[in-house]
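In the text below, chain A, chain B and the rest are named by the order of the sequence lines, each starting its count at 1.
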Amino acid sequence: MATSAVPKARPWHVVPGAAQLSGAYAWARRYPLLPGTVLMFLLIIPAIFANQIAPHDHRIGDLKAVKLPPAWVGPKIVERTVVERQGRVARQNEITLSAAKRRIERGQATFISGGADGQVDLGDKLDVVVRGGGTWKYVLGTDKQGRDVLSRIIHGSRISLTVSTLAIVLGGGLGTVLGLLAAYRGGFVDTIIMRIVDIKLAFPSILLALVLVAAWKPGFMTVVIVIAVLLWARYARVVRGEALSIKHKDFIDRARVAGASDLRIMFRHIFPNLINTLIVLATLEVGHVIILESTLSFLGAGIPRPTPAWGVMVADGRELITSAWWIFLFPTLAIVMTVLSMNLLGDWMRDKLDPKLRNV
Amino acid sequence: MQRYIIRRVAQGLLAVVVISVVVFALARVSGDPTLVLLPDEASEEQIANTRAEWGLDKPLHVQYWVWVNRLARGDLGNSFKWAGTPASELIIERLPATLQLSLFALLISGLIALPIGVLVAVKKDSGWDYAGKIFAILGQSAPSFAIGLILMWIFAVQLDLLPTSGRGGLSHMILPGFTLGYYNVAAVMRLTRSSMLDVLDSEYVKLARIKGVPEWKVIWKHTFRNALIVPLTYFGLIGAVLLTGSVVTETVFAWPGLGQLVIEAIIARDFTVVQGVVLLFAFIYIGMNILVDILYAYVDPRIRYA
């Protein structure tokens with residue numbers, strides 16, 4: 001690496017390691033403005049104010065507005081020929097006489113040829129509106145029950161935020177306590193805890209999650225607990241490593257000489273030194289948790305319907321991928337953008353608060 | 001080195017035993033299979049008979065012991081859901097599909113990730129490098145079902161180039177293979193890049209350049225070959241991840257492999273099949289991990305004493 005003899009003074013906001021990057025990527029890493037903004041508008045504001053900003057009811061749809069496309073998508077018009085009766089195999093480009101009459105009455109079809117006498121005849125060609133256009137009333141369209149996709153995404157952010165917060169507090173808390181205990185007690189306790197960690201880390205996580213969910217009733221708390229079970233081991237390992245290095249410092253010995261109890265040393269003297277690491281780890285894990293939650297929900301083992309979790313919405317939209325792409329695409333993008341921003345934010349926090357964690 | 005290998009293998013075996021207990025216990029508390037599989041109008045007597053027939057009326061530790069004994073003889077037990085078919089038969093029937101997909105995904109990750117990794121290392125800090133980084137970050141941030149569905153929508157629905165789902169010829173494998181491989185493509189690409197940059201900085205590459213060796217030869221012969229070690233050791237790990245990661249991808253693309261089998265079995269509370277598949281996956285996963293660790297320890301002696 002090319003280095004000048006005298007290191008230049010580095011402004012506080014320049015992240016080491018990110019400095020040699022160029023362009024928009026470096027900008028995005030140096031300042032978490034972009035991920036921060038995305039997260040505010042995609043996760044935090046919608047989650048808190050879902051009831052105030054969601055334009056429609058996320059539970060009850062309008063059955064007269066089923067599968068409407070997003071506002072900017074126009075109606076789908078197909079040319080069809082009027083025939084007496086459709087064959088057993090319905091053909092794409094044909095329409096029966098009675099259906100054609102109905103369509104014309106409703107204004108959903110116009111004549112291309114024929115129709116001079118005002119009547120629909122066999123062999124006439126019609127432009128038939130097979131799918132209405134979008135309206136600004138439902139900006140991102142509606143699903144097959146006529147529910148507003150945007151409103152459901154807004155309410156879904158609440159699920160993502162609460163699941164990830166609870167799971168990280170629970171799993172992180174458990175891992176921290178066990179990690180502290182392993183480091184502080186050492187010996188037999190340490191061996192047992194770290195063996196369990198090894199075994200947990202050797203187990204493929206999505207399979208463990210599926211088996212666990214199947215073991216309990218599917219539901220919100222089950223998902224939270226299962227994800228917490230998947231998370232704790234990594235915290236335990238990192239916390240143990242950090243705590244071991246602090247354990248032998250002078251101030252711990254002095255605290256002991258002063259008569260502090262084990263619990264007091266662990267939580268008043270060692271723990272505060274771990275907070276930076278824990279904050280960084282938590283931020284880095286949010287994306288992971290959102291991926292796990294949405295994957296479980298997508299597989300039908302997560303948040304049960306009709307709660308609008310993003311993964312559930314994607315699973316619903318998947319069946320209609322050929323006819324109504326907006327139902328799966330928008331929640332999918334919500335997931336990807338949230339996780340992406342969270343990872344960028346986590347990277348940034350790590351570089352700022354705890355560069356040691358780079359390889360964790 | 002020998003002691004290290006013995007220790008890792010012992011640890012791995014212990015993990016497999018613990019996992020077998022955990023899976024066995026979890027599968028048992030997950031609900032009564034007779035409630036799911038027998039019709040609603042089944043009488044008490046019928047239910048009791050079925051439970052006796054499957055050995056569900058015995059205490060848990062007896063059930064476990066019976067299961068382990070049979071396992072030692074290669075008998076995973078009979079499926080409840082698929083009318084008494086041996087679980088091993090179901091697994092063997094589905095295994096080729098999963099292996100095929102995993103190997104294809106592995107091939108794709110190699111074919112895409114290695115050249116791109118070299119490219120972004122050679123063109124460091126250029127537009128290529130920048131695009132490669134976005135590609136890698138996306139791989140970490142997008143769940144595989146998201147990647148699968150977006151690819152399916154673009155290439156199968158909008159462009160109508162590839163089939164949406166099912167197992168068939170090569171064209172059926174491209175989308176699920178890429179979906180499964182994407183995460184690893186990103187990882188291998190980054191490993192190749194950093195490893196290439198390290199080697200490009202070395203003295204013998206500089207010497208080769210000074211000697212006037214053509215640039216393509218410097219990159220592919222002198223640098224790439226040496227830089228390949230790091231990503232190659234990673235491939236073993238990938239194989240395991242692919243196999244277990246197939247659960248989601250197989251669901252998205254209706255690929256008839258082990259991933260789908262295990263999901264169907266979990267829904268039906270079909271213990272024997274769930275136990276069998278999870279144990280197989282765990283075995284492969286742990287085995288691959290040990291293999292990679294040993295490989296690393298061989299390459300880097302410091303690890304052995306850690």
Side-chain angles (χ1 to χ4, degrees), chain A residues 1 20-26 28-29 195-196 198-208 210-217 287-288 290-295 298-301 310-311 314-315 317-318 321-323 325 328-329 331-344 347, chain B residues 11-12 14-16 18-19 22-23 25-31 124-127 129-130 133-134 137-138 140-150 152-153 156-158 164 201 240-241 243-245 247-248 251-252 259 262-263 265-267 269 274 277-278 281-282 284-286 289-290:
Chain A
M1 210 185 287
Q20 70 270 26
L21 303 172
S22 61
Y25 179 75
R29 285 219 21 184
R195 269 307 142 268
I196 301 176
D198 283 345
I199 289 169
K200 158 66 203 52
L201 291 178
F203 205 94
S205 53
I206 200 74
L207 269 184
L208 179 62
L210 281 173
V211 176
L212 284 173
V213 172
W216 291 306
K217 258 201 254 129
H288 185 202
I290 293 178
I291 289 182
L292 277 173
E293 181 268 312
S294 58
T295 304
F298 175 77
L299 291 174
W310 290 343
V314 177
R318 172 181 164 239
I321 193 168
T322 48
S323 58
W325 49 268
F328 96 89
L329 187 66
T332 306
L333 290 180
I335 296 169
V336 176
M337 277 160 67
T338 308
V339 178
L340 187 66
S341 319
M342 214 65 221
N343 286 347
L344 287 173
D347 274 2
Chain B
Q11 274 174 7
L14 183 71
V16 172
V18 173
I19 284 169
V22 171
V23 170
L26 281 177
R28 301 291 140 159
V29 293
S30 73
K124 186 168 171 265
D125 289 334
S126 70
D129 197 16
Y130 172 56
K133 261 175 202 142
I134 291 185
I137 282 206
L138 263 179
Q140 284 182 321
S141 304
S144 50
F145 69 83
I147 291 173
L149 285 173
I150 290 176
M152 188 198 279
W153 180 59
V157 179
Q158 295 293 311
T164 50
D201 203 36
V241 174
L243 213 55
T244 52
V247 176
V248 178
T251 309
V252 172
V262 78
I263 292 215
I266 286 175
I267 290 168
R269 308 260 184 275
V274 176
V277 178
V278 173
F281 276 160
I284 296 173
Y285 194 84
I286 292 171
N289 266 314
I290 293 175

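Proximity of B/Val278 to A/Leu210: side-chain heavy atoms (C-beta onward) are nowhere separated by under 4.5 Å. Within the 4.5 Å cutoff, no side-chain heavy atoms of A/Ile206 are placed close to those of B/Phe281.
At a 4.5 Å heavy-atom cutoff, the contact between A/Leu329 and chain B is made by side-chain atoms alone.
The minimum heavy-atom distance between B/Ala146 and A/Thr332, with the atom names listed, is CB-CG2, 3.3 Å. Smallest separation of non-hydrogen atoms from A/Phe328 and B/Ile150: CE1-N, 4.1 Å. Minimum interatomic distance between A/Arg318 and B/Val252 (heavy atoms only, all atoms of both residues): NH2-O, 3.3 Å. Pairing each heavy atom of B/Val157 with each of A/Ile321, the nearest pair is CG1-O, 3.8 Å.
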(request) I would like to know whether A/Leu344 and B/Ile137 meet side-chain contact (heavy atoms from CB on, under 4.5 Å); could you show each step before the answer? (result) CA-CA 9 Å; A/Leu344 287 173; B/Ile137 282 206; 4.0 Å; yes
(request) Report the C-alpha separation of A/Trp325 and B/Leu149 in whole Å, then their side-chain angles, then the decisive distance to 0.1 Å, and conclude whether the side-chain contact (heavy atoms from CB on, under 4.5 Å) test is met. (result) CA-CA 10 Å; A/Trp325 49 268; B/Leu149 285 173; over 6 Å; no
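Taking CH2 of B/Trp153 as the start and OG1 of A/Thr322 as the end, the distance is 12.5 Å to the nearest 0.5 Å.
Partners of A/Ala315 under the side-chain contact (heavy atoms from CB on, under 4.5 Å) rule, at least two apart in sequence or in another chain, are A/Phe298. In terms of the side-chain hydrogen bond (donor to acceptor under 3.5 Å, both in side chains) criterion, B/Thr251 has no residue partners (sequence neighbours excluded).
Here the options are B/Pro143, B/Ser141, B/Ser144, the test is side chain to side chain contact (heavy atoms under 4.5 Å, CB included), and the partner is A/Ile291; only B/Pro143 passes.
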